[in-house]
Amino acid sequence: MVETLNETVNLVEIEASRLRDFLKRLDEAAWSQDSSCEGWSVADVAAHLSAGANSWAASIGRAVNGDSGPPAGQTPLAAGERGSEVINQSAISYRQEAGARLIENFSAGYDVLRQSLAQLKEKDWDKPCYHRRGPMPIRDFVALRVQELAVHGWDIRWGIDKSAELGEESLGLLAGRVPRWLRTAFMPGLDLPVPVRYRFDIAGPVAINQDVMVTGREFQIETQAKGEADTVFGCGTGNYILLIYGRLDVDQASRNGRLNITGSMEQAVNFNAWFKGF
């Protein structure tokens, strides 16, 4: 599913507004709860998203003017490098500096981003925009902000409510970004004597029928699942996204009903080792 400029921009607004309203209802104790991101509190994740609004707006502004290079003081990530630790420290610093103004800063940051997005024209959509993993078209950059808000928003809500679900509005966009995410998250291991085939049988609300075949050093996605699979994951689209994005522990999710697994449970659990979240 390919979203138009207006549809993608609207999803940014939906996810930012949903999260802002949730954060406004939190009491002081809730901010220190652990999020689903290891080592990150609810406040840390909110700070990361708040800071991201301003940096995203700045990057889009530069891209529209033909500048896809890194801002002062930043360097792109090296191939295979994970930026989680650096991002975590940056989020903690931002949270400490913001203090009680964190929600105010979140709202102000997304007001600035909203204004930047409102000025985009169709002709800007394919202009290259800086990202620490390499320049990408503005269309992908904006879609990535939807991903950040949706998935990290879930990380926050999960810290308060373990039954939290993703909002349905962004599921189509997130599902469309799965191939890109898997390429980023894949952790190569030892060569397997026989490839492992994972099947995803997702009925809705966004239907998905695909295989991911892992050979150890690499993997491939087959959009039309066929033949026998070692492990079949059955679930709704939201839990499929959470699994793909490294938010569900397979064993626990099977026991609490988020995942229906048939075939090899051993290989199912190994999926978490092959594809890591951030």
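Worth knowing before you read on, the calculation uses all heavy atoms, side chains too, and leaves out hydrogens, waters and symmetry mates.
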(message) Listing request: all salt bridge (Lys or Arg N to Asp or Glu O under 4.0 Å) pairs with a residue in residues 197-218, at least two apart in sequence or in separate chains.
(response) D191-R217, R197-D211, R197-E222, R199-D211
(request) Using a cut-off of 6.0 Å, state whether more than 12 heavy atoms not belonging to E165 lie near its atom CD. (result)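 Atom CD in E165 is packed in, count exceeds 12.
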Scan side-chain atoms only and decide if [X] and [Y] contain a donor-acceptor pair under the 3.5 Å cut-off.
X    : Y    : value
R145 : Y110 : yes
D161 : S163 : yes
Q147 : H152 : no
S170 : E15  : yes

(message) Taking the basic N atoms (NZ, or NE/NH1/NH2) and the acidic carboxylate oxygens, is any pair closer than 4.0 Å for R101 and E104?
(response) no
Using the side-chain contact (heavy atoms from CB on, under 4.5 Å) criterion, which residues pair with [X]? Sequence neighbours excluded.
X    : result
E97  : none
W274 : F186, L192, Y198, V214, N270
K123 : K121, K127

(message) Measuring from atom CG of L19 to atom CD1 of I14, what distance do you get when rounded to the nearest 0.5 angstrom?
(response) 13.5 Å
(message) Going by the rule side-chain hydrogen bond (donor to acceptor under 3.5 Å, both in side chains), which residues pair with D21 if we only count those two or more places apart in sequence or in a different chain?
(response) none
(message) If hydrophobic clusters are built from ILVMFWY residues whose side chains come within less than 4.5 Å, do V146 and W125 share one?
(response)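 As far as the 4.5 Å side-chain criterion goes, W125 and V146 are connected within one cluster.
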Which donor-acceptor pairs under 3.5 Å do side chains of residues 53-62 form with protein atoms, sequence neighbours excluded?
{"unit_1": "S55", "atom_1": "OG", "unit_2": "G52", "atom_2": "O", "d": "3.1"}
{"unit_1": "W56", "atom_1": "NE1", "unit_2": "F141", "atom_2": "O", "d": "2.9"}
{"unit_1": "S59", "atom_1": "OG", "unit_2": "S55", "atom_2": "O", "d": "3.2"}
{"unit_1": "S59", "atom_1": "OG", "unit_2": "R62", "atom_2": "NH2", "d": "3.3"}

